[in-house]
Each structure stands twice: as structure tokens, then as C-alpha cells.
There are 2 protein chains.
Amino acid sequence: MNYSIGQFSTITNISSPTLRYYEKEQILVTNRDAIGRRFYTEEDITWILFIKKLKDTGMSIKDIREYAILRYQGDSTMQQRLEILEKHKVFVMEEKAKWERNLQNLDDKIEIYKSRLNLH
Amino acid sequence: MNYSIGQFSTITNISSPTLRYYEKEQILVTNRDAIGRRFYTEEDITWILFIKKLKDTGMSIKDIREYAILRYQGDSTMQQRLEILEKHKVFVMEEKAKWERNLQNLDDKIEIYKSRLNLH
DNA sequence: TCTTGACTTAAAGTTAACTTTAAGAGTTAC
DNA sequence: GTAACTCTTAAAGTTAACTTTAAGTCAAGA
């Protein structure tokens with residue numbers, strides 16, 4: 001089954017201009033019909049949902065492009081893609097640690113405030 | 001002891017244009033000498049370092065401004081400031097949880113890749 | 001005195017990741 | 001057949017949080 005850009009936009013919950021933007025950024029390679037209109041496949045759905053996850057984990061469009069170009073080159077680039085993901089994992093681990101520290105800092109500040117308010 | 005904007009910039013590791021920008025955004029109220037040049041006090045150092053922490057925890061300039069305006073109003077606004085911090089804490093907790101999920105997702109993906117590569 | 005350095009301002013530029021606009025083409029519903 | 005709809009493109013606009021530029025003032029050192 002193929003989907004028009006409008007349908008694909010609805011399914012993936014990504015706006016059409018954003019899908020066109022991703023295409024321009026080489027993140028998404030899009031099929032065209034005889035008169036030049038875009039259409040998308042089931043495989044494109046799987047792919048764009050994975051892109052969404054990469055974005056959620058804070059990966060930049062630039063890095064996602066690097067990953068995407070490798071993916072479109074096929075299975076031979078799997079090792080390289082794994083390396084990108086493992087490198088990105090370090091970043092995600094650091095973010096997790098950062099937010100743990102942030103929460104601790106903020107909690108400390110809140111406790112100081114609370115004890116000061118109780119003195120009144 | 002008072003500090004010129006250049007000295008204050010060095011001490012706090014915040015560029016002079018950024019300090020002027022914070023002033024324009026009402027985050028920092030700055031003293032001026034007789035001929036209109038900015039100067040900063042020890043208290044300003046404490047304050048700007050706290051602003052830095054709020055920024056690290058992902059608080060927007062807009063929300064920091066709200067907090068700052070209350071702070072400059074004095075101790076009577078302490079309860080309101082505490083409320084801002086507690087509301088922000090919810091955000092920080094969500095961010096922490098988000099990055100925990102992200103790490104789990106990414107780890108799962110990496111495991112899938114690894115097992116596929118081992119089949120070769 | 002002259003130049004160097006630090007300061008002043010307002011305004012324009014930067015970056016990422018879109019979003020909106022403008023102008024037009026082809027398809028479908030009545 | 002014509003109006004409405006969905007698509008096409010290129011280019012301009014948006015937002016946050018600065019950063020850079022341009023043009024000028026003022027004080028201190030050689």
C-alpha cells in the first residue's frame with residue numbers, strides 16, 4: 001500500500017512541510033509517481049518513526065542525515081550505523097546524568113527555601 | 001568590592017554582551033557609576049551563578065525573568081518563588097524520566113543491531 | 001596630545017529546525 | 001465546466017538565546 005504525502009503526514013503525525021524538509025535534508029528518500037507527486041510505503045513509515053525516536057533522544061538533523069545516508073546504502077553499512085548509535089548512547093547517558101544532578105540541585109534549593117519560610 | 005563588566009564577565013564566565021542581554025531581559029538589574037558605566041557587586045555574582053543553574057535545569061529566559069522580578073521585590077515574594085521552583089521541579093523530573101526512557105530505547109536498538117551483526 | 005583600551009548604545013546577524021507564504025499545476029466532485 | 005482540493009516549488013519568516021557589528025564616549029598611559 002502506498003500513501004500520499006497528506007496521508008503519510010496524518011499517519012506519522014509529521015507535517016507535510018516537515019516531510020519535505022527531511023527530504024531536502026536527505027533524511028528521507030521519497031518515491032514519486034508519473035506526474036511528480038510524492039508517495040510513501042510501509043517501509044517509509046517504519047523509517048520515519050525511527051527518525052522520530054532518534055530526534056527524541058536529542059540527535060541533530062545533521063547526525064540523523066549521516067545515519068540516514070548510511071541506511072540507504074544498505075546492510076553493508078550496519079557496523080558504521082552501530083558505531084553512530086553507540087557514540088550517541090554516550091551522549092544520552094550524559095544527558096540522563098545531567099538531569100539527575102539538576103534534580104538534586106533544584107531539590108536542595110527548594111529545601112533551603114522551605115526551611116527559610118518555616119522560620120517566619 | 002565592585003567589578004566592571006569586563007571583570008564580572010571573567011569571574012562568572014558569561015560574556016559582556018550576554019550580561020547586557022540579561023539586563024535588557026530584566027534578569028539582572030545593574031548598578032551604574034557617575035558616568036553611566038555598569039558595575040557589579042558580590043551579591044550580583046551569587047545571583048548570576050544561580051541564574052546559570054536555572055538555565056542548566058532548562059528554565060527559559062522568560063521564566064527566569066519572572067523569577068528574577070520577584071526576587072528583586074524582596075523577601076515577601078519568597079512563597080511565589082518557591083512555587084515557581086516546585087513547578088519547575090516537575091519539569092526537571094519529567095526530563096529525567098524522558099532521558100531514562102531514551103537510554104532504554106537506544107539500548108534496545110543497539111542490542112538488535114548487535115545480534116544482527118553476530119549472525120554474519 | 002595622541003592612542004589604546006574599556007566601556008556605551010542600537011541594530012543586525014546567527015543557528016537549528018522547522019513553518020508559512022506565494023504562485024502555480026493537476027484531479028475530483030457536483 | 002468550474003470550484004474545491006491536494007499537490008508542486010522556492011523563498012521568506014519564526015523562535016530562542018544569544019553574538020556580532022557599527023559608531024561613538026571617556027579615562028589613563030607614553
Side-chain angles (χ1 to χ4, degrees), chain A residues 1-41 44 47-69 88 91 95 98 102, chain B residues 1-41 44 47-69 88 91 95 98 102:
Chain A
M1 170 108 187
N2 292 336
Y3 304 99
S4 70
I5 190 166
Q7 291 169 326
F8 192 62
S9 170
T10 304
I11 293 165
T12 59
N13 203 26
I14 297 173
S15 75
S16 303
T18 300
L19 290 167
R20 294 193 189 97
Y21 165 72
Y22 285 172
E23 191 180 328
K24 214 168 69 182
E25 292 297 321
Q26 293 166 269
I27 282 173
L28 193 58
V29 172
T30 306
N31 300 302
R32 302 293 183 119
D33 68 14
I35 60 162
R37 282 176 312 192
R38 291 170 178 83
F39 70 88
Y40 299 87
T41 65
D44 290 328
W47 173 226
I48 203 80
L49 293 180
F50 180 61
I51 289 171
K52 259 188 152 181
K53 289 224 168 184
L54 289 182
K55 273 188 47 57
D56 287 344
T57 60
M59 195 185 275
S60 68
I61 290 291
K62 190 172 156 288
D63 288 352
I64 294 174
R65 173 171 51 227
E66 193 188 333
Y67 186 95
I69 289 170
H88 188 56
F91 166 76
E95 282 299 299
K98 197 189 92 179
N102 285 344
Chain B
M1 170 109 188
N2 292 336
Y3 304 99
S4 70
I5 189 165
Q7 291 169 327
F8 192 62
S9 169
T10 304
I11 293 164
T12 59
N13 203 26
I14 298 175
S15 74
S16 304
T18 300
L19 291 167
R20 293 193 189 97
Y21 165 72
Y22 284 171
E23 191 180 328
K24 216 169 67 184
E25 294 296 322
Q26 294 165 268
I27 282 173
L28 194 58
V29 172
T30 306
N31 300 301
R32 301 293 183 119
D33 68 13
I35 60 162
R37 282 176 311 192
R38 291 170 179 80
F39 70 88
Y40 299 87
T41 65
D44 290 329
W47 172 228
I48 203 81
L49 294 180
F50 179 62
I51 289 171
K52 259 189 154 180
K53 289 224 169 183
L54 289 182
K55 273 187 47 60
D56 286 345
T57 60
M59 196 184 273
S60 67
I61 291 292
K62 190 174 156 285
D63 288 351
I64 295 174
R65 173 172 48 226
E66 193 188 333
Y67 187 95
I69 289 171
H88 188 56
F91 166 77
E95 281 300 298
K98 195 190 95 180
N102 284 346

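Note on naming: letters A, B, ... go to the chains in the order of the sequence lines (proteins, then strands), and numbering restarts at 1 for each one. Remember, predicted model here, so these are calculated numbers, not experimental data.
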Does any N or O in the side chain of B/Trp47 come within less than 3.5 Å of the main-chain N or O of B/Ala68, such that one atom is a donor and the other an acceptor?
no

Pairing residues for A/Tyr21 by the ring-ring contact (aromatic ring centres under 6.0 Å, His included) criterion, not counting sequence neighbours:
none

Protein-proximity profile, nucleotides 21-29 of chain D, B/S/- by nucleotide at the 4.0 Å heavy-atom cutoff, equals -----SS--

Please identify each residue that fulfils side-chain contact (heavy atoms from CB on, under 4.5 Å) with B/Lys52, with sequence neighbours left out.
B/Asn13, B/Ile14, B/Leu49

Phosphate-side-chain proximity, B/Ser4 and C/dA6, N/O vs OP1/OP2 below 4.0 Å:
no

Among residues at least two apart in sequence or on other chains, which ones pass side-chain contact (heavy atoms from CB on, under 4.5 Å) with A/Asp63?
A/Met59, A/Ser60, A/Glu66

Got a sec, which pairs hit side-chain hydrogen bond (donor to acceptor under 3.5 Å, both in side chains) with one end in residues 22-31 of chain B, sequence neighbours left out?
B/Glu23-B/Thr30, B/Glu23-B/Arg32, B/Glu23-B/Arg38, B/Glu25-B/Arg65

Using rotation axes that map the C1' atoms of four end pairs onto the next four (five pairs an end), what angle separates the end axes of the helix from C/dT1-D/dA30 to C/dC30-D/dG1, to 10°?
20°

Does a side-chain heavy-atom distance below 4.5 Å link B/Tyr40 with B/Ile5?
yes

Do any of residues 10-27 of chain A sit with a heavy atom less than 4.0 Å from DNA chain C, and if so which?
A/Ser15, A/Pro17, A/Thr18, A/Tyr21, A/Tyr22

Without decimals, in angstroms, what is the distance between A/Arg32 CZ and C/dA25 C1'?
14 Å

Kindly write out the residues that satisfy side chain to side chain donor-acceptor pair (under 3.5 Å) with B/Thr12, not counting sequence neighbours, or none if the list is empty.
none

What pairs with B/Asp33 under side-chain contact (heavy atoms from CB on, under 4.5 Å), at least two apart in sequence or on another chain?
B/Ile35, B/Arg37, B/Phe39

Would A/Ile51 and A/Ile48 satisfy side-chain contact (heavy atoms from CB on, under 4.5 Å), going step by step from the backbone distance to the final call?
CA-CA 5 Å; A/Ile51 289 171; A/Ile48 203 80; 3.9 Å; yes

Shortest non-hydrogen pair, A/Ser9 vs A/Ser15, comes out as OG-CA, 3.6 Å

Can you list everything that forms a ring-ring contact (aromatic ring centres under 6.0 Å, His included) with A/Tyr3? Sequence neighbours excluded, please.
none

Please list residues of residues 52-66 of chain A whose heavy atoms come under 4.0 Å from any atom in DNA chain D, ordered by number; otherwise none.
none

Round to the nearest Å and state the distance from B/Ile5 atom CD1 to C/dT9 atom C1'.
12 Å

I need the CD1-P distance between B/Ile51 and D/dA17, as an integer number of Å.
13 Å

Which of parallel (below 30°), tilted (30 to 60°) and perpendicular (above 60°) describes A/Phe50 and A/Tyr67?
tilted

Residues in side-chain contact (heavy atoms from CB on, under 4.5 Å) with A/Lys98, at least two apart?
A/Glu95, A/Arg101, A/Asn102

